Amino acid sequence: MSIRVRFAPSPTGFLHVGGLRTALYNYLFARRLGGVAVLRIEDTDRSRFVEGASENIIATLRWAGIEFDESPTNGGAFGPYTQSERLDLYRKHAEILREKGEAYFAFDTAAELETMRQRQKEAKQAIRYDRLHMRNELSLGAEASRELLASDIPRVLRLKVPDSGELRFQDSVRGEIVVQCSEIDDQVLLKSDGFPTYHLANVVDDHLMQISHVIRGEEWLPSTSKHVLLYRAFGWEMPVVAHLPLLLNPDKSKLSKRQGDVAVEDYRAKGYLPAALVNFVALLGWNPTADREIYSLQELIDSFDICKVNKGGAVFDLQKLNWMNTEYVKQLDPADAASLLLPAAREAGYEVSSEYLAQVFVLLRERITFLHDLLSVGDYMFHAPQEFEEKFRSKHWKDGSAALLRPWLARVRESSPFDAAGLHELTAAYVEEQGVGFGKLMNPVRLMITGKGAGAGMFDTMALLGRDESLRRMDHFLDGLAQ
RNA sequence: GGUCCGUUCGUCUAGGGGUUAGGACACCGCUCUUUCAAGGCGGCAGCACGGGUUCGAAUCCCGUACGGACUACCA
């Protein structure tokens, strides 16, 4: 059997991080087994359609490095199948179902359905379409329905669910699931606007596209029994299903916008690296080994196993994501880091070369979570400090500091070459002579040059800044003191 | 309310009859040190509960509790 999977988002907004993980697992599964992954846009709800959402989802998947293999127009591309372009297919199959007696038309109004639900709720009954008492082909009989069918009264097509019997299906993640037919609602298949519902379109497409494995979120588990019935009604073979555990808010409810960012777009905008986000999200619900956290996409592919996916939901923990991003930032090639950061640096008004940016990155990469932190954490690498951290000053700038600094400054002025090793050597000799520790001298130097109490090694910092700039800042500071 | 699903440190997880229950994030301590990080070392902390099955249960079975999803002419 050839492996074919699909990722089927609906274009109602930005790609959700949960969607990213679903897409990723589908992608990993397909790549691991040499299968095909298709992207399908499920836009059968016209009222929720958001302009540009589909394009955004595709762009976001590309950003994350997740690729799809097939397109309706040309064989090899990423480009998606779009359900709204396949409406004839769903209508045709809906008709087949009706001819087989597996589906029927119903003419109830929204108000009638509401009344029915209210009644059921008050009677503490399960809320389900009441086929016997509502207005439909089955309750009305052939004679009476003929008139309604011929009229222009709005109608929906409903699945005729068997009254009794047991349904069983295997889920690759959860094992066997058992559901009683009596618990299943007569699902609407075709809406009154002629569009199919998710259930019909999904089953028809999965079959027509020869999808072998349906990997999707747990929220679909309850409706899978309806899909089983649909496959059975059509006489089609059911694909293997796997329902992924949900991504959760810290309070364990389904990950939602109210409690933080859910759009991949948001994380991208905040400066998370795609590889870090993908790595993090991959490990929410699955882990290839016991003692590793960092995996490249290829390593994830090589070890992916759908059967090892967890059943329980996973809380999306921002702290761990942040840690993972710092790991990926540290591993970035300096030249790549510089080119990623250059636009932001320019926007901040720093007219620097990418070579210089790469050097600043190397200097400070262990101290940042996001690449763009370089511009704030290391602002003094781009201009003289505009303010001096008072807490650090009061702690490390003593009355005798200036007197201790001047002879050292004279030597720095003369030193050659001006590099970190030379400065270190020179300074080591000086503090030895003076009988003081490094800190006594270097903390004031840090204050004068960076204005801050935290940063990379001062000799490296000075070397990168250069002799002129370093001395200018210190002289300026001491001049200010003298006045 | 009904149906279905789930439950290993605070969080992500490994482990699936015999383990001192392992790793990671976070937190704390020590170390390194010119600052802050990073790094190294160490610490805190967990099998939801109750019954079975078994010589032996975190692991298998059944309940209970708790949590979640679904319950639309949304996906």
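Each chain gets a letter, A, B and so on, in the order the sequences are listed, and its residues count up from 1. The shown structure was predicted, so the numbers you read here are calculated from the model rather than taken from an experiment.
- Of the side-chain N and O atoms in A:Lys252, one or more sit less than 4.0 angstrom from OP1 or OP2 of B:U11.
- Residues A:Tyr25 and A:Phe7 keep their aromatic ring centres 6.0 Å or farther apart.
- For the segment residues 216-225 of chain A, the set of residues with a heavy atom within less than 4.0 Å of an atom of RNA chain B comprises A:Glu218, A:Glu219, A:Trp220, A:Leu221, A:Pro222, in numerical order.
- Across every strand in view, B:U54 sits unpaired, with no contact that passes the Watson-Crick or G-U test at under 3.5 angstrom.
- Ring planes of A:His227 and A:Trp220: tilted class, angle from 30 to 60°.
- Between the CG atom of A:Asp251 and the P atom of B:A69 there is a distance of 9 Å, given to the nearest Å.
- In terms of phosphate contacts, A:Arg158 brings a side-chain nitrogen or oxygen within less than 4.0 Å of OP1 or OP2 of B:C73.
- Near-neighbour residues of RNA chain B inside residues 386-395 of chain A, defined by a heavy atom below 4.0 Å, number-ordered: A:Phe392.
- With a cut-off of 3.5 Å on both Watson-Crick or G-U wobble distances, the partner of B:G63 is given as B:C49.
- Separating the CZ atom of A:Arg6 from the C1' atom of B:A75 is a distance of 12 Å, rounded to the nearest angstrom.
- B:G16 and B:C61 have their P atoms separated by 15 Å, with the value rounded to a whole Å.
- You'll find a donor-acceptor pair under 3.5 Å spanning the side chain of A:Arg367 and the base of B:C36, going by distance alone.
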Checking salt bridge (charged side-chain N to carboxylate O under 4.0 Å, His left out) for the pair A:Asp373/A:Arg367: CA distance, chi angles, key distance, verdict? CA-CA 9 Å; A:Asp373 287 343; A:Arg367 277 154 257 258; over 6 Å; no

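- Aromatic ring pairs are classed by plane angle as parallel below 30°, tilted from 30° to 60° and perpendicular above 60°; the pair A:His396 and A:Phe392 is tilted.
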Walk me through it: do A:His199 and A:Val204 pass the test side-chain contact (heavy atoms from CB on, under 4.5 Å)? CA-CA 9 Å; A:His199 307 279; A:Val204 168; over 6 Å; no

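- Separation of the P atoms belonging to B:C47 and B:A58 is 10 Å when rounded to the nearest angstrom.
- Taking atom C1' in both B:G22 and B:U8, one finds a spacing of 12 Å when rounded to whole Å.
- Among the heavy atoms of the strands, none lies under 4.0 Å from A:Ile368.
- Between A:Arg48 and the phosphate of B:A72, there is no side-chain N or O to OP1/OP2 separation shorter than 4.0 Å.
- The separation of B:A26 from B:U59, taken at their P atoms, amounts to 32 Å, rounded to a whole angstrom.
- Residues A:Leu246 and A:Leu321 both approach RNA chain B. Their nearest nucleotides, taken by heavy-atom distance, put A:Leu321 toward the 5′ side.
- Looking at A:Lys254, its side chain has no donor and acceptor atom pair within 3.5 Å of the base of B:A69.
- Looking at residues 305-315 of chain A, you'll see A:Lys308, A:Asn310, A:Lys311, A:Gly312, A:Gly313, A:Ala314, A:Val315 sit with a heavy atom under 4.0 Å from some atom of RNA chain B.
- Going from the C1' atom of B:A65 to that of B:C28 covers 34 Å, rounded to whole Å.
- With contacts defined as side-chain heavy-atom distances shorter than 4.5 Å, the pair A:Leu190/A:Arg155 does not qualify.
- Proximity of A:Arg473 to A:Leu465: side-chain heavy atoms (C-beta onward) are separated by under 4.5 Å at one or more points.
- Taking 4.5 Å as the limit, every side-chain heavy atom of A:Phe14 sits out of range of all side-chain heavy atoms of A:Val264.
- Figure legend. B:C36 is base-paired to no nucleotide; pairs are counted as Watson-Crick or G-U wobble with both atom distances under 3.5 Å.
- At least one side-chain heavy atom of A:Thr289 sits under 4.5 Å from a side-chain heavy atom of A:Tyr295.
- Pair check for B:A14 finds none; no Watson-Crick or G-U wobble contact set falls under 3.5 Å.
- Here A:Val188 lies in heavy-atom contact (under 4.0 Å) with sugar-phosphate atoms only.
- A cation-pi arrangement is present between A:Arg158 and A:Tyr129, with the terminal nitrogen or guanidinium carbon under 6.0 Å from the aromatic centre and inside a 45° cone about the axis.
- Nucleotides B:C9 and B:G46 have their P atoms positioned 9 Å apart, rounded to a whole Å.
- Within 4.0 Å (heavy atoms only), A:Phe195 reaches no atom of the nucleic acid at all.
- Ion pairing between A:Arg128 and A:Asp185 fails under the 4.0 Å rule for side-chain N and carboxylate O.
- Residue A:Arg174 is classed as a sugar-phosphate contact, given heavy-atom separations below 4.0 Å to backbone atoms only.
- Heavy-atom nearest nucleotides on RNA chain B were determined for A:Phe316 and for A:Ala454, and the one closer to the 5' end corresponds to A:Phe316.
- One finds a side-chain N or O of A:Lys191 lying less than 4.0 angstrom from the OP1 or OP2 phosphate oxygen of B:A75.
- Using atom P as the reference point in both B:C32 and B:C41, the two lie 15 Å apart (nearest Å).
- Across all strands shown, the partner of B:C4 is B:G68, judged by Watson-Crick or G-U wobble contacts whose two distances both fall under 3.5 Å.
- With both ends at atom C1', the span from B:G18 to B:U7 equals 24 Å, rounded to whole Å.
- With both pairing distances under 3.5 Å, B:A21 is matched to nothing as a Watson-Crick or G-U wobble pair.
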